[in-house]
Amino acid sequence: MTTETAEASPAMQPNDGDESDQYPPHWGPTAWSLLSDLRQRSPLIQCITNFVSMDIVANTLLAAGASPAMIHSLAEIPDFTPQAQALCVNVGTLSPSWVPAMKSAAELMVKLGKPWVLDPVAAGASGFRLNACLALVGVKPTVIRGNGSEIIALSRASLGVSKKGVDSAHGSMDALEAAKSLARASGSIVAVSGAVDVVTDGNRVVAAHNGVPMMQKITATGCAVTALIAAFVALDPSHPLEATASALSVFCIAGELGMDLAKGPASLRMHLIDSLYGLDEAALLSRVRITDL
Ligand SMILES: Nc1ncnc2c1ncn2[C@@H]1O[C@H](COP(=O)(O)OP(=O)(O)O)[C@@H](O)[C@H]1O
Ligand SMILES: Cc1ncsc1CCOP(=O)(O)O
Ligand SMILES: [Mg+2]
């Protein structure tokens with residue numbers, strides 16, 4: 001759910017000339033190696049996600065090379081969850097009956113030493129939602145990915161600071177300090193999406209500068225990239241910060257390539273998924289824009 005207004009962001013073109021000097025060269029091969037691995041290993045990713053996002057999340061994972069399973073019943077978790085290589089939990093259309101399944105699946109993944117990723121959609125929208133998100137943060141997500149307003153709401157609540165008024169729209173850079181605090185308090189990698197995506201473990205901060213503003217005009221692109229993060233982290237659970245930044249950059253490069261063919265949000269949705277499916281090494285290496293802050 002987007003609470004950040006579209007920020008001015010130049011149309012992204014391939015890295016060329018002097019500009020590529022700003023971007024450390026190791027990120028391109030890191031992202032390409034993870035995407036290649038994903039296509040080869042096709043990890044099973046369990047998604048307990050909202051009704052709005054189920055389709056685009058499953059299609060994003062499939063196009064990238066992963067194997068999605070949208071299984072959310074508490075009754076199936078003991079049998080099914082141990083088979084998954086990663087879990088994605090998304091609270092977008094939360095109701096009380098879903099919370100036990102989310103907690104139980106996350107606890108099982110932690111017990112099995114496997115990664116799980118939380119998308120705290122609209123975390124500050126209600127007390128019920130915020131408390132559910134806090135309870136899930138307590139189950140130690142490997143990664144938490146939200147937009148600026150969501151990370152600020154969750155960070156304040158996790159530090160016991162009461163929320164005053166209604167959150168306004170926030171850019172990802174506005175949420176940087178909140179993201180660092182949340183990462184330190186939770187032990188999770190925290191990613192804030194926006195015109196620039198920032199990823200932190202509480203100390204180190206990296207920023208991914210790919211993407212196009214039109215991605216905000218497609219519902220559930222945030223949910224889709226969170227699921228892609230789960231797939232990337234499944235491949236290299238011991239380097240979740242690198243996997244998270246790579247997933248964000250890869251998804252946004254697919255958005256840039258898709259935008260070249262799109263007429264608006266509906267065709268961007270289609271072309272983004274096609275571009276993710278067809279993304280090759282040369283296009284990826286020439287477009288990855290990740291920096292250490
Ligand atoms: N202004 C922007 N310019 C480029 N990419 C963007 C912009 N806003 C969002 N994105 C990208 O769109 C995707 C969804 O992010 P966002 O809209 O922040 O999430 P949410 O849908 O959860 O609010 C992310 O991959 C992010 O990088
Ligand atoms: C519109 C909406 N309402 C409840 S969940 C949802 C989708 C949110 O997706 P995203 O956070 O990726 O914009
Ligand atoms: Mg969202």
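We count ligands from 1, going down the list as the structure has it; atoms in each ligand are counted the same way.
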From the options M259, H209, M215, select the one whose nearest heavy atom is closest to atom 11 (C) of ligand 1.
->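 The nearest heavy atom belongs to M215.
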Any idea which of G255, G92, C252 brings a heavy atom closest to atom 25 (O) of ligand 1?
->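 When every heavy atom of G255, G92, C252 is considered, C252 comes closest to atom 25 (O) of ligand 1.
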Residue [X] vicinity, atoms of ligand 2 by number, heavy atom under 4.0 Å:
X: A220; result: 9 (O), 10 (P), 12 (O), 13 (O)
X: T219; result: 1 (C), 7 (C)
X: G222; result: 12 (O)

Check: N210/S249 side-chain N/O donor and acceptor closer than 3.5 Å |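 Indeed, the side chains of N210 and S249 share at least one donor-acceptor pair under 3.5 Å.
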Per-atom contacts of ligand 1 with [X], taking only distances under 4.0 Å to non-hydrogen atoms:
X: R145; value: 19 (O), 20 (P), 22 (O)
X: F251; value: 25 (O)
X: V212; value: 3 (N), 4 (C), 5 (N), 6 (C)

Compute the ring centroids of F128 and W98, then answer whether they are less than 6.0 Å apart.
->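 Not close enough - the centres of the two rings lie 6.0 Å or further apart.
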Between C223 and ligand 2, is there a nitrogen or oxygen pair with a distance under 3.5 Å?
->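 By distance alone, the answer is yes.
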Taking the side chain as every heavy atom from C-beta outward, state whether E107 and K111 have any pair of such atoms under 4.5 Å apart.
->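 In short, these two side chains do not touch, never coming nearer than 4.5 Å.
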Do R39 and L279 touch side chain to side chain, with heavy atoms closer than 4.5 Å?
->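 Side chain of R39 against side chain of L279, heavy atoms only: contact under 4.5 Å found.
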Check each heavy atom of N147 against ligand 2 and say whether those closer than 4.0 Å belong to the side chain, the backbone, both or neither.
->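 Neither part.
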State whether R204 and E242 are salt-bridged, where the test is any N-O pair (Lys NZ or Arg NE/NH1/NH2 against Asp/Glu carboxylate O) under 4.0 Å.
->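 Yes, R204 and E242 are salt-bridged.
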Sidechain N-carboxylate O distance under 4.0 Å for R269, D55 |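 Yes.
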Examine distances only and state if a side-chain atom of W116 and a backbone atom of K140 form a donor-acceptor pair shorter than 3.5 Å.
->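 Yes, the answer is positive, given that a donor and an acceptor are paired below the 3.5 Å cut-off.
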Is the closest heavy atom of S53 to ligand 2 under 4.0 Å?
->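 So S53 does not count as touching ligand 2.
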